[in-house]
Amino acid sequence: MKIFLTGGNGDLGQMLCTSLIGMGHTPVIFDIAVPQHPPNRTDRPGIPGIPVAEFIEGSILNREQLRAALKDIDIVVHIAAWHGIHEFRKEKTVYDFWDLNVGGTFNVFQCAIENDIKDIIFISSTSIDERYGVYGHSKILGEEVASAYAHRHGMNVITLRPRAFIPPWNKSVYSNFIEWCEWFSKGAVHISDVSQAVLKSVDLLASKNHDLQNAPAFLTVDGAYQYSDEDLKNWDVDGPGSTFKRHYAQFYDLAVGLGLNTTLKPKKLDITETQRLLNYKPLYSMKTMLLELKKYGPAGPYQDRPL
Ligand SMILES: NC(=O)c1ccc[n+]([C@@H]2O[C@H](COP(=O)([O-])OP(=O)(O)OC[C@H]3O[C@@H](n4cnc5c(N)ncnc54)[C@H](O)[C@@H]3O)[C@@H](O)[C@H]2O)c1
């Protein structure tokens, strides 16, 4: 199938491309930025019979470009947006957020329906909880557009709400792996699990075996945890760091030695509906992180990643 990825050259899009190709799909990257390290491109056609990614340089703000690019597409994954980090760092204005996240999302849904495309995965965010923030508000309005198009046109829409997932190899945000681990310890989802949720959404839409028509899904995407709800309720009752120590005794000295805060109580989100509808099973947990830390040290496991 041809899977159209708006903002496909970003962190999530790049990860999805590789997996989609592996699944036999043809990802079509639609982005204002040209990929530096595309998995495969039309100018490097690869092996006959093996699907490759296509790249179309274009903006979702340009309706003509977008409409033309959406020809012969089966499923759209709408990723392109300015997000939390751009608001936090004041890199984008309220106008930028409105134009891309609200207007751009409207363009994607409208141009999709003009091309008879009914299947869309919309990447929203748990930041919808910050309804008066610039980013949160823009995602609420994006979800509103998605919902209206699902009901008005009988589209099959899966709205995924991941919590923050900027990957450790994104050096513009995390200068080293320890910084990323500090952030991850607060409760988070790894980008590979967000990718898993998108791929399972693609599978569900492709199967046509669902009840999504006129009933769009809104699904929270969180990571995996060793901590039970009971652990979180009785956090550190036996002293600071005791809950961490009970689960990760073998990593305790390493974590303390590297300056990680073992008393941090992570916030765990309810993903019951995501598990039910998509059979989503997050794999990356604090334990995975600690294993990587032990094996690779502060430099982290992603040294060779071409980003
Ligand atoms: N990264 C996170 O922590 C996080 C958390 C929750 C939700 N999200 C959501 O995930 C999605 C993106 O995640 P990411 O981490 O891959 O972001 P990213 O910033 O790495 O990628 C976004 C891509 O969108 C492209 N883009 C910008 N303007 C465009 C336009 N006009 N037309 C086409 N493409 C354009 C950019 O060039 C970039 O490649 C967004 O919808 C964001 O709101 C992100």
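We're numbering straight along the sequence, starting at 1. Counting starts at 1 for both ligands and their atoms, following the listed order.
For atom 24 (O) of ligand 1, the nearest protein heavy atom (residue, atom name, distance) is Gly7 CA, 3.3 Å. Nearest protein neighbour of atom 7 (C) of ligand 1, counting heavy atoms only, is Ser124 O, 3.2 Å. With hydrogens left out, the protein atom closest to atom 6 (C) of ligand 1 is Pro162 O, 3.3 Å, a heavy atom. From the protein, the heavy atom lying nearest to atom 28 (N) of ligand 1 is Ile32 CD1, 3.5 Å. For atom 43 (O) of ligand 1, the nearest non-hydrogen atom of the protein is Tyr135 OH, 2.6 Å.
At least one N or O atom of His83 sits closer than 3.5 Å to an N or O atom of ligand 1. Between Lys139 and ligand 1, an N or O atom pair is found at a separation short of 3.5 Å. At least one N or O atom of Ile60 sits closer than 3.5 Å to an N or O atom of ligand 1. Between Phe165 and ligand 1, an N or O atom pair is found at a separation short of 3.5 Å. In terms of polar-atom proximity, defined here as any N/O pair under 3.5 Å, Asp31 does make such a contact with ligand 1. Checked against a 3.5 angstrom limit, the closest N/O atoms of Ser59 and ligand 1 fall inside it. For ligand 1, the polar-atom distance check against Gly10 finds a nitrogen or oxygen pair separated by under 3.5 Å. Geometrically, ligand 1 and Leu12 share a nitrogen or oxygen pair separated by less than 3.5 Å. Residue Asp11 has at least one nitrogen or oxygen atom sitting less than 3.5 Å from a nitrogen or oxygen atom of ligand 1, judged on distance alone.
Every atom of ligand 1 with a heavy atom of Ile79 under 4.0 Å away is listed here by number and element: 11 (C), 12 (C), 40 (C), 41 (O). Heavy-atom proximity to Ile166, at under 4.0 Å, picks out these atoms of ligand 1: 1 (N), 2 (C), 3 (O). The ligand atoms of ligand 1 that sit less than 4.0 angstrom from a heavy atom of Ala80 are 24 (O), 34 (N), 35 (C). When each atom of ligand 1 is checked for a heavy atom of Ala164 under 4.0 Å away, the hits are 3 (O), 5 (C). If you number the atoms of ligand 1 from 1 as listed, the ones under 4.0 Å from a heavy atom of Gly58 come out as 32 (N), 33 (C). Applying the 4.0 Å criterion to heavy atoms of Ala81 picks out, from ligand 1, the atoms 40 (C), 41 (O), 43 (O).
Using 4.0 Å as the threshold, Ile123 has a heavy atom nearer than that to some atom of ligand 1. In this structure, Arg161 has no heavy atom closer than 4.0 Å to ligand 1. Not a single heavy atom of Gln14 sits closer than 4.0 Å to an atom of ligand 1. Remark: distances from the non-hydrogen atoms of Gly84 to ligand 1 are all 4.0 Å or more.
With Thr243 as the fixed residue, the side-chain hydrogen bond (donor to acceptor under 3.5 Å, both in side chains) test singles out one of Asp236, Asp238, Thr263, Asn234: Asp236. Screening Phe122, Phe106, Phe4 for a ring-ring contact (aromatic ring centres under 6.0 Å, His included) involving His78 leaves a single residue, Phe122.
Note on ring orientation: taking the six-membered ring where Trp is involved, the planes of Phe109 and Tyr149 are tilted (angle from 30° to 60°). Relative orientation of the His137 and Trp98 rings is tilted, given thresholds of 30° and 60° on the angle between their planes. In this structure, His83 and His86 have perpendicular ring planes: the angle between them is above 60°, well past the 30° mark. Ring planes of Tyr302 and Phe177: perpendicular class, angle over 60° (limits at 30 and 60°).
Under 4.0 Å is where a charged nitrogen must lie from a carboxylate oxygen, and between Arg163 and Asp193 no such pair does.
Here the side chains of Ile128 and Phe218 are not in contact, with every heavy-atom distance at 4.5 Å or above. Between Ser125 and Lys139 the shortest side-chain heavy-atom distance falls below 4.5 Å.
In this view, Asp229 and Lys268 satisfy the salt bridge (charged side-chain N to carboxylate O under 4.0 Å, His left out) rule, not counting sequence neighbours.
Residue Leu100 touches ligand 1 through its side chain alone, judged by heavy-atom distances below 4.0 Å.
Judged by a 6.0 Å distance limit and a 45° cone about the ring axis, Lys245 is positioned over the six-membered ring of Tyr252.
Side chains of Glu143 and Ser124: a donor-acceptor N/O pair is present below 3.5 angstrom, by distance only.
In this structure, Asn115 contributes its side chain and Ile117 its backbone to no donor-acceptor pair below 3.5 Å.
Placement of Tyr284 and Leu278 within a single hydrophobic cluster is found when ILVMFWY residues are connected by side-chain heavy-atom separations under 4.5 Å, directly or transitively.
Summarising the local packing, CZ of Arg67 is surrounded by more than 12 heavy atoms from other residues, nucleotides or ligands at distances under 6.0 Å.
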